[in-house]
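Some notes on the structure that comes next.
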Number of protein chains: 2
Amino acid sequence: MNQPQINPNVSVDCALFSFDGSELEVLLIERMAGETTLEDDLLALPGNLIYQNENLDQAANRVLFELTGLENIFLEQVYTFGDPARITKEKDQDWLKKIRVHPEARVITVAYTSLVKKSNLKVSPSSFARKALWVKVKEVPQLAFDHNEIFTKALDFLKQKIYLQPLGYELLPERFTLAQLQKLYEAILDDSFDKRNFRRKILRTSFIVPLDEKQQGVAHKPARLYRFDKSQFHQI
Amino acid sequence: MNQPQINPNVSVDCALFSFDGSELEVLLIERMAGETTLEDDLLALPGNLIYQNENLDQAANRVLFELTGLENIFLEQVYTFGDPARITKEKDQDWLKKIRVHPEARVITVAYTSLVKKSNLKVSPSSFARKALWVKVKEVPQLAFDHNEIFTKALDFLKQKIYLQPLGYELLPERFTLAQLQKLYEAILDDSFDKRNFRRKILRTSFIVPLDEKQQGVAHKPARLYRFDKSQFHQI
DNA sequence: AAACTTAGTGTATTTGTGACACATTTGCGC
DNA sequence: GCGCAAATGTGTCACAAATACACTAAGTTT
């Protein structure tokens with residue numbers, strides 16, 4: 001089979017979010033420039049040029065797989081960024097010159113986002129990332145290209161989405177407590193809620209079903225465990 | 001000034017909606033193939049390849065301007081379509097071969113949408129459209145490329161958006177009655193509402209302000225006129 | 001057994017939604 | 001000028017959802 005052909009004008013970038021129990025985090029990479037990285041380079045969202053024979057969803061999944069080994073993640077398209085000036089920062093140009101056949105090419109990028117469990121994910125160095133790290137969304141530094149803008153848009157997208165779909169099941173263990181779930185909602189929406197009202201509201205949906213199990217070995221009253229019922233997701 | 005350079009891989013398409021008082025309509029074109037059109041060609045959404053030195057919003061506005069003469073329309077990005085198979089219908093290939101330097105090029109397209117007043121708009125034949133016509137959204141035929149999918153996504157986008165922003169002001173005359181507004185909402189959302197409940201809800205927002213004027217010359221009780229207050233739009 | 005920690009629960013108030021029917025104001029035709 | 005046709009404009013009740021708010025229960029630690 002031939003090497004797939006690259007489309008020099010279109011890339012995908014992925015904003016992957018995770019949850020450490022109290023704060024939301026985003027996956028950033030140290031981008032490779034050939035065999036090494038540049039000094040003091042900016043962090044970036046994982047992303048790459050698309051192949052000519054794959055569609056955009058496939059490209060996003062491939063890029064993610066190449067970096068993380070994760071497959072069958074539900075990535076969703078967020079927005080497309082196409083300002084000609086988006087690749088003109090000096091550090092970005094330095095990097096592009098090192099690794100692209102056409103470093104000056106106009107590149108528009110289609111942003112995707114997803115929520116993943118950190119524990120599922122073994123980040124493996126790849127052709128385009130030496131190292132990947134989880135950064136708290138409140139502590140995201142200046143990023144490469146227009147990735148700060150992409151990151152912000154992806155986070156806004158999630159905030160919208162969580163009202164329509166129970167996204168949380170991607171981020172919590174299979175069995176979880178309502179306190180965990182509430183913290184997740186609070187982290188995504190950057191807000192805080194009354195415990196009783198949150199419980200009432202979330203239990204009115206049929207997505208979340210109580211189990212006959214309790215937490216073990218905690219130094220206080222153990223909480224009841226719940227799980228998501230995906231079969232109920234389309235019955236909003 | 002030089003001819004602007006074209007990016008062969010990226011296009012924009014616009015789904016423009018208008019309102020005839022009772023039904024929602026979308027603007028479709030008969031696409032040109034050089035000096036003429038092809039026989040039995042499919043209708044299409046207006047769109048074209050982008051220039052290398054313009055951003056996506058600018059490209060969408062330019063394409064729209066070239067077709068309609070409309071400027072300063074508030075176009076919003078909807079979604080990006082990039083399936084390699086999106087340009088492979090036979091009629092689309094025939095057309096591409098007639099007009100594109102690289103008819104086989106992989107083209108991804110960024111969809112935009114907007115609402116416009118039909119009366120503002122003098123559609124002028126352009127390099128890429130011989131003729132443009134308004135088609136009721138319920139009567140949209142099979143379109144070129146993946147334009148049916150784009151059209152559907154744009155309409156869904158509007159349905160979402162109208163709950164967050166009072167889109168209507170683009171589609172109604174400056175002074176309008178609540179019955180007109182209600183019909184517009186019903187057309188966009190493809191639903192019908194109770195008159196009293198609709199009024200109560202819409203007047204609770206501060207976007208819509210009553211005037212001390214009434215309809216003239218109607219063969220029934222004349223309705224009060226209202227106008228939009230755009231300064232209130234961001235106070236939801 | 002006392003102290004600590006988090007879980008779990010109920011009520012009252014306000015706000016929004018949906019269903020529903022009739023009098024009012026105008027122009028028109030006679 | 002009278003009656004008719006046509007669309008406007010309005011209020012209430014029942015129900016659902018949202019908010020504010022405080023104490024007891026169950027387990028662990030010392």
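So you know, we letter chains A, B, ... as the sequences are listed, proteins then strands, and number each from 1.
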Using a 4.0 Å cut-off to any heavy atom of chain A, which nucleotides of DNA chain C are the first and last in contact, reading 5' to 3'?
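The footprint of chain A covers dT5(C) to dT11(C).
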Expressed as a whole number of angstroms, how long is the span from [X]:[atom1] to [N]:[atom2]?
{"X": "Glu213(B)", "N": "dT8(D)", "atom1": "CD", "atom2": "P", "value": "17 Å"}
{"X": "Leu203(B)", "N": "dT8(D)", "atom1": "CG", "atom2": "C1'", "value": "14 Å"}
{"X": "Phe198(B)", "N": "dT10(D)", "atom1": "CZ", "atom2": "C1'", "value": "16 Å"}
{"X": "Leu181(B)", "N": "dA7(D)", "atom1": "CG", "atom2": "P", "value": "18 Å"}
{"X": "Leu225(A)", "N": "dA26(D)", "atom1": "CG", "atom2": "P", "value": "17 Å"}
{"X": "Gln216(A)", "N": "dG27(D)", "atom1": "CD", "atom2": "C1'", "value": "12 Å"}

For dG27(D) and Arg224(A) - does any side-chain N or O of the residue sit under 4.0 Å from the phosphate oxygens OP1/OP2?
no
Using the side chain to side chain contact (heavy atoms under 4.5 Å, CB included) definition, which of the options Gln180(B), Lys118(B), Lys183(B) pairs with Phe19(B)?
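Only one of Gln180(B), Lys118(B), Lys183(B) forms a side chain to side chain contact (heavy atoms under 4.5 Å, CB included) with Phe19(B), namely Lys183(B).
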With Ile50(A), which of Leu56(A), Asn55(A), Val110(A), Thr109(A) fulfils side chain to side chain contact (heavy atoms under 4.5 Å, CB included)?
Leu56(A)
[X] and [Y]: which non-hydrogen atoms are nearest, and at how many Å?
{"X": "Arg224(A)", "Y": "Leu211(A)", "value": "NE-O, 2.8 Å"}
{"X": "Pro46(B)", "Y": "Leu67(B)", "value": "CB-CD2, 3.5 Å"}
{"X": "Ile73(B)", "Y": "Asn61(B)", "value": "O-OD1, 3.3 Å"}
{"X": "Ile150(A)", "Y": "Ala111(A)", "value": "CG2-CB, 3.6 Å"}

Judged by each residue's nearest nucleotide on DNA chain D, which is more toward the 5′ side, Gly217(A) or Asp194(A)?
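Checking each residue's closest nucleotide, the 5'-ward one belongs to Asp194(A).
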Residue whose closest nucleotide on DNA chain D lies nearer the 5' end, Leu178(B) versus Lys201(A)
Leu178(B)
Could you work out which one of dC21(D), dT8(D), dT10(D) sits closest to the side chain of His220(B)?
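Nearest to the side chain of His220(B) among the choices is dT8(D).
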Closest to side chain of Ala179(B), choosing from dC21(D), dT8(D), dG27(D)
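Out of dC21(D), dT8(D), dG27(D), the nucleotide with an atom closest to Ala179(B)'s side chain is dT8(D).
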Quiz item: Arg199(B) side-chain donor-acceptor pair to dT8(D) base, under 3.5 Å:
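Side chain to base: no pair below 3.5 Å.
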Mark yes or no for a side-chain to base donor-acceptor pair under 3.5 Å between Lys221(B) and dG9(D), with no hydrogen or angle criteria applied.
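No pair found.
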Describe the nucleic acid contact of Arg200(A) in one word from base, sugar-phosphate, nothing, applying a heavy-atom distance below 4.0 Å.
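Touches a base.
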Cut-off 3.5 Å, side chains only: do Asp57(B) and Tyr112(B) have a donor facing an acceptor?
yes
Identify, between Ala219(A) and Lys195(A), the residue whose nearest nucleotide on DNA chain C lies closer to the 5' end.
Ala219(A)
Taking the nucleotide of DNA chain C with the nearest heavy atom to each, does Pro222(A) or Asn197(A) sit closer to the 5' end?
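Whichever sits nearer the 5' end wins; that is Pro222(A).
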